[in-house]
2 protein chains.
Amino acid sequence: MLNIRFEKTTTPKPIPGAENPLTFGTIFTDHMFVMDYATGKGWHDARIVPYAPISLDPSAMVFHYGQEMFEGLKAYKTEDGKTLLFRPDKNIERANNTNKRICIPEISESDFLDAIKAIVKEEEAWIPTKPGTSLYIRPFIIATDPYLGVRPSDTYQLIIILSPVGAYYKEGLDPVKIWIEDEYVRAVKGGLGEAKTGANYVASLASQVKAHKEGYSQVLWLDGVHRKYIEEVGAMNIFFKINGTIITPMLNGSILPGVTRNSAIQLCKHWGLPVEERQVSVEELIDAAKTGALEEVFGTGTAAVISPVGELRFEDDIMKISDGGIGEISQKLYDTITGIQLGKIKDEFGWTVEVN
Amino acid sequence: MLNIRFEKTTTPKPIPGAENPLTFGTIFTDHMFVMDYATGKGWHDARIVPYAPISLDPSAMVFHYGQEMFEGLKAYKTEDGKTLLFRPDKNIERANNTNKRICIPEISESDFLDAIKAIVKEEEAWIPTKPGTSLYIRPFIIATDPYLGVRPSDTYQLIIILSPVGAYYKEGLDPVKIWIEDEYVRAVKGGLGEAKTGANYVASLASQVKAHKEGYSQVLWLDGVHRKYIEEVGAMNIFFKINGTIITPMLNGSILPGVTRNSAIQLCKHWGLPVEERQVSVEELIDAAKTGALEEVFGTGTAAVISPVGELRFEDDIMKISDGGIGEISQKLYDTITGIQLGKIKDEFGWTVEVN
Ligand SMILES: Cc1ncc(COP(=O)(O)O)c(C=O)c1O
Ligand SMILES: Cc1ncc(COP(=O)(O)O)c(C=O)c1O
């Protein structure tokens with residue numbers, strides 16, 4: 001068991017009531033988990049303290065050289081009052097893969113899970129219960145050495161903050177319109193694409209701004225080498241149903257291995273659907289859209305779980321999908337995954353972890 | 001003129017005396033320049049305040065999505081007591097190019113220059129005078145919105161901190177050994193390579209650690225598409241002298257347009273040397289090294305000005321250069337650029353800007 005010291009807030013904030021529509025990532029709970037790292041000492045001084053500003057030297061490496069990582073998962077309240085996490089082991093495993101890639105010292109998997117459970121337990125009253133809501137958990141690590149040379153930092157902080165959230169995409173299970181980007185590149189093989197680190201998100205901003213101007217809510221990235229194979233959306237992996245087969249880009253080193261992606265693949269296989277993880281070119285999509293073989297498109301991610309895609313645009317080609325409606329598999333995946341997350345559907349895969 | 005408010009420190013720190021060997025980026029002066037941005041208000045509240053920690057909400061976007069940029073230039077003290085900046089207009093221009101790429105609001109060029117001059121003027125006593133030393137100037141901008149969604153921030157801080165420095169590379173004008181990376185990629189066309197933003201530096205760490213283990217002090221990157229064209233070093237651009245011609249990779253969108261690179265090109269042309277900015281493949285280097293045509297290799301960057309390269313390694317090919325010594329052009333560029341920076345050589349190009 002990770003030894004965690006507690007310091008209770010003396011100024012608790014009001015917990016938003018069920019009448020308040022929650023947005024994403026704007027309200028934070030009363031406490032946060034913090035743990036320090038120093039070379040020689042390792043990870044130490046795990047603590048739950050009042051949510052408060054972080055104070056860092058202006059030369060702290062995170063401000064200059066981007067040595068920072070994050071994760072995102074959710075806690076759900078079941079109807080009978082249990083608190084469930086969804087596959088936290090996958091997020092912890094991915095966190096350590098990110099850490100390795102960007103030279104942040106790894107964290108013991110069991111300590112990490114203890115930390116998440118402890119802070120969620122402390123803030124259990126903040127978990128909203130309305131359909132579609134949850135408590136978003138954001139662990140992140142920042143490099144804190146006050147030093148202006150480029151090298152891995154010798155000191156870090158792991159911080160876990162919590163935010164009660166509504167749906168990430170305002171559109172909810174409404175189909176989204178997605179812009180396939182042909183100018184900017186998010187990540188390339190050999191780079192940081194499979195790590196969950198700020199670099200990939202700052203790289204996406206300019207394209208996102210452009211897509212919004214054109215009336216598209218998300219960007220779908222192409223690979224940086226050939227500029228023709230589908231990678232993923234800004235914060236989701238992407239799936240296609242073509243002639244009855246479920247197809248998603250394979251994990252190639254430049255896309256994030258999504259937890260929801262993995263769950264969707266397992267479920268589709270469990271249901272006996274043919275599933276392929278492979279290269280998908282944008283021409284294949286355009287052709288499939290023309291012949292009517294492109295039956296469904298959906299994104300997978302912690303924030304929205306499943307996002308049906310109603311339209312894809314690549315340059316002058318506009319592909320309308322599922323007549324702009326919600327595809328059958330999209331709906332079934334959404335219902336099943338959220339059902340498991342909320343404890344309403346039997347968890348045959350051992351995906352949920354109770355906090356108690 | 002930018003209107004700057006001043007708040008003097010009440011606890012000045014001792015200025016390191018000439019007897020102290022300075023390292024790079026560990027000591028900071030008494031004050032820093034700060035300016036805020038908010039959507040609707042623009043850049044505002046320019047101020048020089050005591051050097052002090054920055055306090056940010058844990059959800060501040062810079063900690064999560066890497067929306068941060070920086071610049072690096074130096075102030076020099078001439079023998080007759082003047083304070084000179086070297087081509088600050090180029091850094092300011094590049095800063096705004098970075099800003100555009102990563103959706104940070106641009107800053108008026110004249111305000112930016114006023115800010116740099118004002119903080120350097122305030123801290124003039126900190127400029128060291130021993131050969132090779134200078135006052136390093138680090139402007140940087142961070143995204144400060146307390147919000148967990150991925151989008152450009154609505155608020156930012158520009159901060160300028162100053163650090164009296166010795167030579168960046170401990171080896172000084174000693175030739176460095178450089179590792180040509182064949183596994184990791186720093187940046188790719190369409191990505192952030194030509195911007196000065198944390199993403200490119202965090203991407204370089206794993207390779208740098210590997211190179212150090214192998215006994216190499218720097219990494220030379222190959223392009224992310226073909227994985228065969230030379231790009232640049234971690235914090236320097238790279239030049240080759242092959243059969244009497246000075247060759248440097250052209251600005252292709254994935255390398256930083258170095259100020260020192262630009263100065264070196266101008267000087268070489270001024271001296272009547274043939275200069276080519278073009279693609280250079282690693283095979284071309286290996287072949288040139290074999291035949292003896294590879295006469296010189298050097299890096300250019302603000303930190304070390306010119307770094308002669310004594311050895312390049314690509315996989316099992318080890319290329320020894322200039323017999324491990326300092327090439328003629330490397331030495332001449334170093335002497336000329338540092339001479340201009342220190343006001344010892346006539347500034348025919350209008351590169352220096354006096355602070356007064
Ligand atoms: C770039 C990117 N791809 C995919 C995903 C989906 O991953 P997961 O299903 O683990 O949430 C995310 C975020 O959550 C992401 O940021
Ligand atoms: C990646 C990179 N390339 C090149 C350079 C050299 O640029 P400059 O000559 O402007 O210092 C730097 C840094 O200074 C750098 O960080």
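Being a predicted model, the structure only gives us computed values, none of them experimental. Order of the sequence lines sets the chain letters (A, B, ...), proteins ahead of strands, with each chain counted from 1. As a basis for the values below, the full set of heavy atoms in this structure was taken, side chains included, without hydrogen atoms, waters or symmetry mates.
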Does the side chain to side chain donor-acceptor pair (under 3.5 Å) test come out yes or no for A/Q157 and A/D36, once each step is laid out? CA-CA 5 Å; A/Q157 278 199 323; A/D36 297 324; 2.9 Å; yes
Looking at B/R227, B/E183, B/R101, which has the largest count of heavy-atom pairs under 4.5 Å with chain A? B/R101
Can the ring centroids of A/Y65 and A/Y147 be said to lie less than 6.0 angstrom from one another? no
Closest heavy-atom contact between B/I160 and B/A115? CD1-CB, 3.9 Å
Check each atom of A/P152 against the heavy atoms of chain B and say whether the ones under 4.5 Å are side chain, backbone, both or neither. both
Which region of A/L192, side chain (C-beta onward) or backbone (N, CA, C, O), has a non-hydrogen atom less than 4.5 Å from a non-hydrogen atom of chain B, or is it both or neither? side chain
If we define contacts as heavy-atom pairs under 4.5 Å, which of A/T26, A/D223, A/V62 has the most with chain B? A/V62
Tell me, side chain or backbone of A/S204 under 4.5 Å from chain B's heavy atoms, or both, or neither? side chain
For A/I54, is it the side chain, the backbone, both, or neither that has a heavy atom closer than 4.5 Å to a heavy atom of chain B? both
Could you tell me which portion of A/L205 (side chain, backbone, both or neither) has an atom closer than 4.5 angstrom to a non-hydrogen atom of chain B? both
Contact part of A/Y184 toward chain B, heavy-atom cut-off under 4.5 Å: side chain, backbone, both or neither? both
Less than 4.0 Å between a side-chain N and a carboxylate O, is that true for A/E232 and A/R186? yes
Pick one of side chain, backbone, both or neither for B/R151, based on which atoms fall under 4.5 Å of a heavy atom in chain A. both
Chain B contact via A/F140 - which portion, at a heavy-atom distance below 4.5 Å: side chain
Under-4.0 Å salt bridge between B/E194 and B/R94: no
Taking side chain as everything from C-beta outward and backbone as N, CA, C, O, which of these in A/A195 sits under 4.5 Å from a heavy atom of chain B? Side chain, backbone, both or neither. neither
Check whether more than 12 heavy atoms from other residues, nucleotides or ligands sit under 6.0 Å from atom NZ of B/K210, and answer yes or no. yes
Distance flag, aromatic centroids of A/Y201 and B/H64, threshold under 6.0 Å: no
